[in-house]
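Throughout, a chain's letter reflects where its sequence line sits, starting with A, and its residues are numbered from 1.
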Amino acid sequence: MKEKFYITTAIAYSSRKPHIGNTFEVIMTDAIARYKRKQGYDVFFLTGTDEHGQKIENCAKEAGITPKEYVDGVAGQIKEIWDLMDSSYDHFIRTTDDYHEAAVSAIFKKLYDKGDIYKSEYEGWYCEPCEAFLTDSQIVDCKCPDCGREVKKMKEESYFFRMSAYQDRLMKHIEEHPEFIEPEARKKEMVNNFLKPGLQDLCVSRSSFKWGVPVSFDNKHVIYVWIDALSNYITALGYNPELPETDAFKKNWPADVHIIGKDIMRFHTIYWPIILMALDLPLPKKVFGHPWLNVGADKMSKSKGNSIYADDLANIIGVDAVREYVLAEMPYLNDGSITFDNIITRYNTDLANNLGNLVNRTLAMTAKYFDGIVPSPASENETDADLKACVKKAYDDMVAQMDSYHIADAVETVFSVFRRANKYIDETTPWTLAKNGDTERLSTVIYNLLEAIRVGAVMVEPFMPSTSVSILSQLGTTVDSYEFGGLEAGNPIGEAKVLFSRLDEKETLEKLEAMNPPKAPAVPVPEDQEEQIGIESFGAVELRTAQVIACERIPKAKKLLKLQLDLGYEQRQVASGIAKCYAPEDLIGKKLIVVANLKPAVLCGVESNGMILASGEGDQIKVVFLDDDTPLGQRVR
RNA sequence: CGCGGGGUAGAGCAGUUGGUAGCUCGUCGGGCUCAUAACCCGGAGGUCAGGAGGUUCAAGUCCCCUCCCCGCAACCA
């Protein structure tokens with residue numbers, strides 16, 4: 001009886017087509033799933049789409065179609081790319097699937113009946129346009145920190161999950177299962193930032209939008225993403241608390257590993273385990289958070305217009321080359337990066353030169369010296385023994401690397417087999433043996449070569465499945481053992497064909513660049529467009545010109561600068577979150593616009609009397625500067 | 001003093017429990033001709049961020065201090 005292995009990706013949010021960074025997760029998970037299958041496990045590989053929520057409701061509205069129509073389109077696109085990339089998932093779940101919605105509804109009900117979910121009057125501040133609940137410390141002068149509009153004191157009813165009740169149990173579990181969260185650094189982040197300070201109860205319903213699974217006993221609310229999306233890992237197996245346990249669930253749960261992006265560690269290592277505890281279900285054995293794939297040094301994002309898509313890339317270099325590239329390029333902990341030069345280099349060196357050419361020259365020799373028949377090996381010498389030892393060692397290394405999720409290292413290890421085989425050709429010089437008529441030795445050498453390639457092809461299968469099949473078929477075999485000696489002498493090899501022809505650097509670079517033209521980033525329609533206001537509302541904001549007379553960093557805050565402003569008729573201190581974009585000395589002497597009648601606030605212990613005007617966010621902030629001869633203290637309208 | 005991860009040849013990275021610095025790419029030189037201008041060998045290139053710090057017979061590897069980068073959190077008026 002095979003041991004089971006249940007592996008999952010996070011479900012992809014269906015608001016838009018996934019880029020190569022999103023696609024990486026499926027490729028990585030697929031590589032592990034394929035590897036485990038070859039190791040003899042009965043693998044269940046789950047992936048799918050997360051299709052509810054405000055954002056999708058908005059996207060659909062903008063597109064003028066229903067949310068369901070919208071997600072049908074995007075989910076189809078996602079599935080197409082997953083399929084194109086040869087991902088061998090066993091089930092593709094959509095959170096809009098009937099069985100999932102029914103199960104989520106039942107799960108919510110069960111947790112409510114148990115008392116883990118309770119309805120509460122959320123008392124506090126609420127920004128309607130932003131649909132955000134705010135704490136006392138977040139609001140400024142009764143205004144929303146994001147949009148600056150009035151917030152309402154609100155008694156909003158909402159459902160909350162009693163996270164705090166499970167905190168100690170979760171802490172204990174993490175301590176007792178050091179392998180539960182990987183990489184180790186991520187575990188520390190979770191424990192130190194969230195668990196140790198203490199968990200807040202989690203708001204698990206929304207009444208501000210409709211596109212979700214309704215709370216069965218209170219249809220004003222829909223179930224928010226936590227319970228809806230995370231539950232996919234069990235509902236996909238047929239779990240539903242109101243129904244008898246399915247065989248698939250009994251067999252596969254708990255999951256052996258959830259492969260997820262580093263950005264959603266918190267949901268998978270804190271919320272999800274606690275939901276499971278509340279359901280009296282065992283926890284997944286491992287949650288692995290992988291890093292991101294950047295474009296050069298930049299994060300991939302739609303707003304930067306630098307997104308790269310797996311299907312575009314595959315059109316140029318092929319599916320397996322895309323797989324090999326991202327798997328080999330993504331480090332274990334830190335972010336990886338894509339550059340076009342690198343793609344071409346890796347393709348030419350690893351795939352064309354090392355692997356492709358090896359197979360090609362070996363098959364050519366087999367055809368030339370043995371009429372395409374696998375020769376039979378004779379006695380072995382030291383060179384042969386070393387070749388075999390290297391192949392064996394590579395296999396052992398690969399196993400260790402795959403089992404510890406060091407995928408890039410494992411890819412490198414497999415390619416070392418091909419490199420070793422190339423070296424073996426030079427060590428044995430088959431053409432000389434042929435010339436000298438040393439058929440016995442030549443037979444051995446060619447056999448060993450074919451066999452090293454065969455084992456290498458089997459090892460490479462998790463990373464490049466169709467290449468693996470192609471090589472084996474060229475060898476005229478289907479033997480997929482990792483053991484040396486699988487090929488039967490006397491059998492004919494298959495038809496030789498070029499696996500990876502070298503890419504012309506210039507030509508390919510042009511194609512790659514055409515795929516993602518360096519155009520100005522598209523400016524999406526803003527999501528935060530305001531309602532029209534009268535001139536009197538604008539007039540309520542007192543904008544005045546001012547000059548920076550002093551500026552310094554605020555020690556504990558990475559984003560804040562402390563500015564002393566001269567308004568002509570007075571001086572005041574303002575804190576501003578622009579430290580990432582401006583050095584203090586850049587600002588001194590500059591003239592800018594300040595919101596003069598904003599109520600004071602204290603930020604990181606620094607009093608701030610007003611706000612300076614700037615556009616952008618994150619590390620792209622631009623302060624609105626004035627001409628040097630602008631008088632101070634002037635009203636700006 | 002919020003927590004954590006890093007700083008190793010031009011680039012990207014390995015270096016398990018401390019024992020003469022490695023890999024891939026690039027570069028320079030050589031070899032070979034079965035092969036996709038491929039393949040193989042060799043050279044150059046690193047005082048392993050800094051501290052003429054500590055422990056040790058021995059430290060990239062452990063401890064201490066400083067500097068820099070990154071992640072998470074906080075913060076973004």
Side-chain angles (χ1 to χ4, degrees), chain A residues 137-141 143-146 148 183-194 196-197 262-263 265-266 289 291-292 328-329 331-337 339 341-342 345-346 348-369 400 404 406 408-409 412-413 415-416 418-419 421-435 445-446 449 496 498-503 554-561 574-581 594-595 598-606 608-614 617-618 621:
Chain A
S137 63
Q138 283 177 302
I139 60 160
V140 183
D141 188 24
K143 295 213 171 59
C144 170
D146 290 329
E184 174 82 17
R186 303 273 167 234
K187 169 161 80 181
K188 287 181 176 145
E189 285 174 1
M190 293 304 119
V191 170
N192 293 332
N193 288 326
F194 301 111
K196 283 188 180 163
K262 63 179 183 179
D263 56 324
M265 286 304 278
R266 182 168 156 191
W292 288 120
E329 210 58 40
Y332 176 75
L333 179 65
N334 297 120
D335 289 350
S337 108
T339 68
D341 283 345
N342 208 318
T345 301
R346 190 173 273 288
N348 281 341
T349 57
D350 282 354
L351 304 186
N353 297 352
N354 182 19
L355 202 183
N357 184 49
L358 168 70
V359 173
N360 190 252
R361 65 199 295 214
T362 302
L363 292 179
M365 286 191 281
T366 310
K368 191 166 174 179
Y369 304 139
S404 61
H406 287 74
D409 295 334
E412 172 61 26
T413 297
F415 277 85
S416 76
F418 303 125
R419 252 179 249 119
N422 271 317
K423 180 174 171 164
Y424 180 77
I425 296 179
D426 273 57
E427 288 171 338
T428 55
T429 57
W431 50 91
T432 308
L433 296 172
K435 207 178 292 172
V445 165
I446 296 297
L449 263 176
V498 170
L499 283 168
F500 301 97
S501 53
R502 283 181 63 83
L503 299 174
I554 295 173
K556 279 183 201 167
K558 280 185 182 164
K559 293 189 182 174
L560 288 177
L561 289 182
V574 168
S576 179
I578 54 174
K580 287 205 161 176
C581 306
V594 61
V595 181
L598 198 61
K599 272 198 186 171
V602 176
L603 302 170
C604 281
V606 174
S608 180
N609 303 293
M611 168 171 136
I612 65 171
L613 296 192
E617 58 184 323
I621 297 175

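- Checking A:A352 against A:E189, the closest nucleotide of RNA chain B that is more toward the 5' end is the one next to A:A352.
- Taking side-chain N and O atoms only, A:R266 has no distance below 4.0 Å to OP1 or OP2 of B:C72.
- B:G6 atom P lies 10 Å from atom CD of A:E184, rounded to whole Å.
- Contacts of A:N360 with the nucleic acid, taken as non-hydrogen atoms under 4.0 Å apart, include base atoms.
- When both pairing distances are held under 3.5 Å, B:G29 makes a Watson-Crick or G-U pair with B:C41.
- Across every strand in view, B:C72 sits in a pair with B:G2 that passes the Watson-Crick or G-U test at under 3.5 angstrom.
- Residue A:L499 is classed as a base contact, given a heavy-atom separation below 4.0 Å to a base.
- B:G46 and B:G12 have their C1' atoms separated by 15 Å, with the value rounded to a whole Å.
- Across all strands, A:S501 comes closer than 4.0 Å to base atoms (heavy-atom distances).
- Spacing between B:A74 and B:U61 at atom P, rounded to whole Å, works out to 35 Å.
- Within the 4.0 angstrom heavy-atom criterion, base atoms lie near A:F500.
- In this model, the phosphate group of B:C41 is approached by a side-chain N or O of A:K423 to a distance below 4.0 Å at OP1 or OP2.
- Residue A:K196 places none of its side-chain N or O atoms closer than 4.0 Å to OP1 or OP2 of B:C3.
- Across all strands shown, B:G60 has no partner, as no Watson-Crick or G-U wobble contact with both distances under 3.5 Å is found.
- Side-chain atoms of A:T345 lie closest to B:C25 of the nucleotides B:A73, B:C25, B:C40.
- Both A:K262 and A:K435 lie near RNA chain B, and the one whose nearest nucleotide falls closer to the 5' end is A:K435.
- Taking only side-chain nitrogens and oxygens, A:N353 comes nearer than 4.0 Å to OP1 or OP2 of B:C39.
- Of the candidates A:I425, A:T366, A:V359, A:I425 is the only one forming a side chain to side chain contact (heavy atoms under 4.5 Å, CB included) with A:L449.
- Separating the P atom of B:A59 from that of B:G53 is a span of 12 Å, rounded to the nearest Å.
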